[in-house]
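The next block holds one structure in the form of structure tokens; read it before the comments.
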Amino acid sequence: MIQLFMPLGFLGFVYREIKGSMANIENMFKLLALRPAVVDAPDAQVLDSTANSVSFDNVSFAYQEDRPILNQLSFTIEPGKKLAIVGASGAGKSTIVKLLFRFYDPSSGTIRIGGQDISQVTQHSLREQVGIVPQDTVLFNDTLFENVRYGRVDASREEVENAIRLAHLDAFIARLPDGGDTLVGERGLKLSGGEKQRVSIARTILKGSPILVFDEATSSLDSRSERAILDSLAELAREHTSLVIAHRLSTVVDADQILVLDQGEVVEQGTHTELLRRGAKYAELWQAQQSRAAGETAPIAVLN
Ligand code: ADP
Ligand code: MG
């Protein structure tokens with residue numbers, strides 16, 4: 001299907017991305033069939049690689065003109081801080097991620113990284129700077145090891161193994177007949193949703209971008225695996241600016257700032273403690289999840 005819709009120019013684009021930052025190729029493939037790529041401005045600058053604050057300034061966006069998705073959204077993530085966004089399915093959370101990675105341009109407003117307008121920088125430098133663990137992960141028909149290495153194609157075996165450990169994939173790999181050399185993907189071993197997410201997390205860890213985005217990155221995991229991975233990620237996030245789109249509220253408790261998004265608008269904002277004290281929407285969601293968690297065996301689906 002991709003071939004049918006993909007104009008030739010995209011092949012070069014895809015190839016460059018494969019050679020460069022691969023962690024988000026899966027998103028690109030999906031989008032390639034949907035719309036032409038956003039293009040670099042004629043005088044596009046290279047994004048300062050030490051810049052890692054993120055700000056949305058009055059950002060509005062619609063996929064179709066008559067159906068607004070984000071409405072005058074503003075927030076700032078200071079360097080090294082963690083911002084979480086929670087909200088019901090369809091609220092516009094993943095759209096925020098797509099705008100930050102510049103799969104689309106806002107209809108109005110400005111997105112900046114370290115003060116630079118992302119529509120004025122090269123897409124390549126932008127995508128080097130931002131590592132995304134997407135909601136769905138696509139595996140390539142290659143070994144598990146190489147699937148992780150897509151995060152950074154020049155990574156050494158040792159670096160790949162380290163990322164695998166941090167993503168808690170090592171125990172799983174140890175059980176495979178050919179270990180990390182086992183073929184996965186459509187023509188190989190099929191991985192579960194949770195295992196795929198770990199591959200994706202390992203890729204992003206390996207990519208090592210200063211800005212990390214997790215779009216419900218642990219939603220397919222059971223709570224115990226989620227906890228273990230979150231501990232690794234917390235370690236990693238200490239040196240990074242992170243944007244976490246959360247599935248379970250337990251994953252956002254330690255965020256510096258939490259936004260509650262409803263129909264493309266921020267309806268509440270604060271730390272976990274502040275939002276609980278407010279006793280409004282966030283507090284209600286928290287209560288609902290806490291009571292479910294008491295007897296939890298399956299993932300909670302209040303927010304997804
Ligand atoms: P969330 O991640 O909070 O569940 P999304 O950002 O994925 O929400 O979606 C917000 C809204 O935008 C939803 O109503 C969704 O159906 C719509 N949407 C998402 N992607 C597209 C697209 N490519 N084209 C048209 N509408 C879309
Ligand atoms: Mg989403």
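We count ligands from 1, going down the list as the structure has it; atoms in each ligand are counted the same way.
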task: Test side-chain contact (heavy atoms from CB on, under 4.5 Å) on R175 and F172 and set out the steps.
output: CA-CA 5 Å; R175 290 195 300 272; F172 168 69; 4.1 Å; yes
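- To the nearest 0.5 angstrom, D170 atom CG is 10.0 Å from N162 atom CG.
- Interface of Y104 with ligand 1, defined as ligand atoms under 4.0 Å from a residue heavy atom, comprises 23 (N).
- When distances to the Mg ion (ligand 2) are checked against a cut-off of 2.8 Å, Q135 contributes an N, O or S atom below that limit.
- Short contacts between ligand 1 and T95, defined as distances under 4.0 Å to a heavy atom of the residue, involve ligand atoms 5 (P), 6 (O), 9 (O), 10 (C).
- In this structure, of G264, G90, A62, the residue bringing a heavy atom nearest to atom 10 (C) of ligand 1 is G90.
- Those atoms of ligand 1 with a heavy atom of K98 less than 4.0 angstrom away are 20 (N).
- The distance from ligand 1 to the heavy atoms of A88 drops below 4.0 Å at these ligand atoms: 3 (O).
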query: Checking side-chain contact (heavy atoms from CB on, under 4.5 Å) for the pair V121/D117: CA distance, chi angles, key distance, verdict?
result: CA-CA 7 Å; V121 303; D117 180 342; over 6 Å; no
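- With hydrogens and angles ignored, the 3.5 Å screen pairs no side-chain donor or acceptor of H272 with any backbone N or O of V252.
- Between L259 and the options I96, V267, L83, a side-chain contact (heavy atoms from CB on, under 4.5 Å) holds for only L83.
- Considering backbone and side-chain N/O of Q64, none are found under 3.5 Å from N/O of ligand 1.
- Contact analysis puts S89 in contact with ligand 1, with a non-hydrogen atom separation below 4.0 angstrom.
- The distance criterion of under 3.5 Å between nitrogen or oxygen atoms is met by K93 with respect to ligand 1.
- Clustering ILVMFWY residues whenever any of their side-chain heavy atoms sit less than 4.5 angstrom apart, transitively, puts V260 in the very cluster that holds L249.
- Of the polar atoms of G92, at least one N or O is found under 3.5 Å from an N or O of ligand 1, judged by distance alone.
- When distances to the Mg ion (ligand 2) are checked against a cut-off of 2.8 Å, S94 contributes an N, O or S atom below that limit.
- Between F61 and Y63, the ring planes lie perpendicular to each other; the angle is over 60°, past the 30° to 60° tilted range.
- In summary, the atoms of ligand 1 found under 4.0 Å from a heavy atom of R67, numbered by their order in the structure, are 13 (C), 14 (O).
- Taking every heavy atom of S94 and a limit of under 4.0 angstrom, the matching atoms of ligand 1 come to 1 (P), 2 (O), 6 (O), 7 (O).
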- request: Would you please test N147 and R203 for side-chain contact (heavy atoms from CB on, under 4.5 Å) and show each step?
  value: CA-CA 8 Å; N147 264 282; R203 276 180 192 164; 3.0 Å; yes
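- With sequence neighbours left out, the ring-ring contact (aromatic ring centres under 6.0 Å, His included) criterion links F145 to no other residue.
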